[in-house]
There are 2 protein chains.
Amino acid sequence: MLHVAEAARVSVATVSAVLNGTATVSPELTQRIEQAIRDIGYKRNAIARSLKMGTTRTIGLTVPHITNPFFTDVVSVIQQAFDRAGYAVMLCCTDEDLNTQDDQIRLLLDRMVDGLIVARVGDGGILKGIVGDANVPVVLLDRLCEGVDTDAVVLDNQRAVFDAVTYLIHLGHRRIGYITGASDISPMHDRMIGYREALQAAGLPVAEELIRSGNFHEIDGYNATMQLLSLHDRPSAIFSANNPMVIGTMKAIRDIGLSCPEDISVACFDDFPWSDVFVPQLTTVAQPVQAIGEQAANLLLDRLAGNREAPPRKLVLKGRLMIRNSCRPLGALAQSVSA
Amino acid sequence: MLHVAEAARVSVATVSAVLNGTATVSPELTQRIEQAIRDIGYKRNAIARSLKMGTTRTIGLTVPHITNPFFTDVVSVIQQAFDRAGYAVMLCCTDEDLNTQDDQIRLLLDRMVDGLIVARVGDGGILKGIVGDANVPVVLLDRLCEGVDTDAVVLDNQRAVFDAVTYLIHLGHRRIGYITGASDISPMHDRMIGYREALQAAGLPVAEELIRSGNFHEIDGYNATMQLLSLHDRPSAIFSANNPMVIGTMKAIRDIGLSCPEDISVACFDDFPWSDVFVPQLTTVAQPVQAIGEQAANLLLDRLAGNREAPPRKLVLKGRLMIRNSCRPLGALAQSVSA
DNA sequence: AACGCTAATCTAAACGTTTCGAATGTGTCA
DNA sequence: TGACACATTCGAAACGTTTAGATTAGCGTT
């Protein structure tokens, strides 16, 4: 900027003024300055600007795994939204590990991000300290967090699973296996409630041996399914509460020599591009990823625009059951269908 | 830092010295300063540091679409690698649009990223200017770029498709449909050559009506497949040069009432987690995503470590044909198999 | 002609670091 | 005792912006 000022024979203040339009400067000087900028190929240094202004026009986004298609989609939407608003996005993957998440958040805070969108992990860790005192607004994504009272956008997980399991019950299933992730993660907790309530509403018992817990990965779904399928009185249907784990479920079914939906019905959480391409076409609970991403972005952008004092806002969106053909009717229902 | 200095009754220079270990300071002062840092809860301002040091410890990463599973995986690997090295990653999606890419790169450059990893789009645009004069090292990912002579890591696309198509030919296929993306993208160009050479090597004619071009999206694959399948003498196999497009291919086959592999064989580029879970299990060319991501990160980290003068390095990795059951043997071969 | 008003421009301080060179204190040696 | 080396600490400039307030010039009033 100094060079531009010299070339245009003005002060740096005047250059700054035309760059930002913060003061009226004569057409003559404006012209001279713009010419100098072009000649020199000057680009304003955003770091110096950030230092002075106290804002970086950058936000931090952390998710457990970007390879989980739900997060892939949401990250994509959020990135686009902030791009439109002139913000850059720093992406971090916490690998479902609390220490990693704490490190990442510190990294982001050190870099003075203007805001944070977090699909939290563990108990939230350092997050609890930040939301209270720091001046960087935080939006929780997908997962609420005890002790972190801030803006959030989540799904009505309980209702979504309730509907899915009720659907299985209506098909005639009585023993429905359930594979969940760590129950200290709010969606996992809520989904489990939905499962239990659906059974209870139908007057069915909740058999604890049908409930298996894993750590979100394919291998966990595989192991859980293996256990369920080797049960004395094995379930006729399995609901997997997470997408990567359902891959394991399908592989376990294949490896054990069974087939879906003939021998066992399968449904799961989170839709993905391939779910209706192959055989079987998977019945899933689709999350409104576009809306989730956009709402999260909007909540944060609103705070960034200055609305700091409004009380925390919690948005709860609805899932949608995508009925395909990975679940088959049982008993009398099966008769009437095949008749 | 000023507050810390005051609290510890020292100068800011001394605080900086203990923070960075750049000078010897007495145990006594060190102790007092560290105490003050804890008391105040001081965090060093990375922006001010960046301004002074001329480095942000942040890199920019742009990909066409993060929802393409190939890029999802590579982004994930790259993010992890830089995280380990203490760098933050700014992610941008260019949506396969050159103007968007130019905007994104400008955004990243404005923010003074220390380096850039780019899966380029179009003809590279602004990229050409940057590599020459700027002092930010650039690594090309997946796609080379005419006029941009810099570090790069790509696949041996030609060979990979050659092998895949040769495999189809060995199965007895003679008319093999080919669906490609824009041919100004180096991988698409090279893959096409691999296709043509495989046919020629087997003494087969290259039928231009079997080659269809799309814009990387599912819908393009769908339309292209529809056209191929309504050909008078339709192909017995289709190779799709890109992953999202093969979804369209599978959907078109389904919608037209055919089935894979009975009526038509399908193979495609890029493996993905579901490829061996459903029926049919897709035969794919798997890219070594882990290696690609790590090598790209290493090339850039090496430049960032100061190795600026080495001539551009181009890494070419090998793909691997994952043979599953979406391609069936034809003619005499089919006889011998079914016998 | 002196005055005040407005518009245009500039000077200089600030943002929070790093770092060079100077200053201070201490001990060693002739 | 003075000269010198060395270790420790500090003052102040610099990085490239923004911006409050000062300055200057031009112009209409009285």
Side-chain angles (χ1 to χ4, degrees), chain A residues 1-37 40-58 86 88 106-114 134-136, chain B residues 1-37 40-58 86 88 106-114 134-136:
Chain A
M1 185 181 273
L2 183 60
H3 297 114
V4 172
E6 281 168 358
R9 301 183 308 279
V10 297
S11 77
V12 289
T14 312
V15 177
S16 179
V18 342
L19 236 33
N20 299 309
T22 50
T24 56
V25 4
S26 69
E28 186 195 342
L29 284 201
T30 304
Q31 146 89 35
R32 229 157 68 201
I33 289 169
E34 282 170 348
Q35 185 60 48
I37 287 176
I40 297 185
Y42 164 79
K43 302 236 56 182
R44 119 140 126 287
N45 183 323
I47 296 296
R49 179 165 224 261
S50 291
L51 177 60
K52 184 66 187 163
M53 305 281 276
T55 163
T56 52
R57 289 193 82 79
T58 300
R106 265 188 286 262
L107 180 95
L108 293 169
L109 255 25
D110 282 356
R111 282 173 171 70
M112 313 239 72
V113 291
D114 291 343
N135 43 3
V136 8
Chain B
M1 185 180 275
L2 183 60
H3 297 115
V4 171
E6 282 168 358
R9 300 183 309 278
V10 298
S11 78
V12 290
T14 312
V15 176
S16 179
V18 343
L19 237 35
N20 300 310
T22 51
T24 57
V25 5
S26 68
E28 185 196 342
L29 283 201
T30 304
Q31 147 89 34
R32 230 161 63 204
I33 289 169
E34 282 170 348
Q35 185 60 49
I37 287 176
I40 298 186
Y42 165 79
K43 303 237 57 186
R44 134 151 111 240
N45 182 322
I47 297 297
R49 179 164 223 261
S50 291
L51 177 60
K52 184 65 189 167
M53 307 280 277
T55 163
T56 52
R57 289 194 82 79
T58 301
R106 264 189 286 262
L107 179 95
L108 292 168
L109 256 24
D110 282 356
R111 281 173 172 70
M112 312 239 73
V113 291
D114 291 344
N135 44 2
V136 9

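The sequence lines fix the lettering, A, B, ..., with proteins before strands; numbering per chain opens at 1. Model, not experiment: these values are computed from the prediction.
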- Query: Atom CE of B:Met1 and atom CZ of B:Arg49: how far apart are they, to the nearest 0.5 Å?
  - Reply: 9.0 Å
- Partner of B:Arg111 by side chain to side chain donor-acceptor pair (under 3.5 Å), out of A:Thr58, A:Thr56, A:Asn45: A:Thr58
- Among residues 42-58 of chain A, which contact DNA chain D at a heavy-atom distance under 4.0 Å? A:Tyr42, A:Lys43, A:Arg44, A:Asn45, A:Ala48, A:Arg49, A:Lys52, A:Met53
- Message: From CG of A:Leu2 over to C1' of D:dT18, roughly how many Å is that when rounded to an integer?
- Response: 15 Å
- Task: Enter the distance from A:Met53:CE to A:Asn20:CG here, rounded to the nearest 0.5 Å.
- Result: 7.0 Å
- Item | Sugar-phosphate, base or nothing in reach of B:Leu29, heavy atoms under 4.0 Å | sugar-phosphate
- Query: In whole angstrom, what separates B:Ile40's CD1 from C:dG16's P?
  - Reply: 13 Å
- Item | B:Ser26 side chain near D:dT9 phosphate (N/O to OP1/OP2, under 4.0 Å) | yes
- Query: Whole-Å distance between D:dT9 C1' and B:Arg32 CZ?
  - Reply: 11 Å
- Message: If you compare every side-chain N and O of B:Thr14 against the phosphate oxygens of D:dT9 (OP1, OP2), does one of them come in below 4.0 Å?
- Response: no
- Presence of B:Ser16 side-chain N/O under 4.0 Å of C:dT17 phosphate oxygens OP1/OP2: no
- Message: Once rounded to the nearest 0.5 Å, what's the spacing between atom NE2 of A:His3 and atom CD1 of A:Ile37?
- Response: 14.0 Å
- Grab the CG-P distance between A:Asp110 and C:dT17 for me, whole Å please. 11 Å
- Can you tell me the distance, in whole Å, between the CD atom of B:Gln31 and the P atom of D:dT9? 13 Å
- Item | Whether A:Ser50 side chain and A:Ala46 backbone form a donor-acceptor pair below 3.5 Å | yes
- Item | Whole-Å distance separating the CD1 atom of A:Ile33 from the P atom of D:dT17 | 14 Å
- Query: Roughly how many Å is it from NE2 in B:His3 to C1' in C:dT17, rounded to a whole number?
  - Reply: 14 Å
- Please give, in whole Å, the distance from D:dA25 C1' to A:Glu28 CD? 14 Å
- Indicate the atoms forming the closest heavy-atom contact of B:Val10 with B:Val15, along with that distance. CG2-CG2, 3.8 Å
- Query: What are the two closest non-hydrogen atoms of A:Thr14 and A:Ile33, and how far apart are they?
  - Reply: CG2-CD1, 3.8 Å
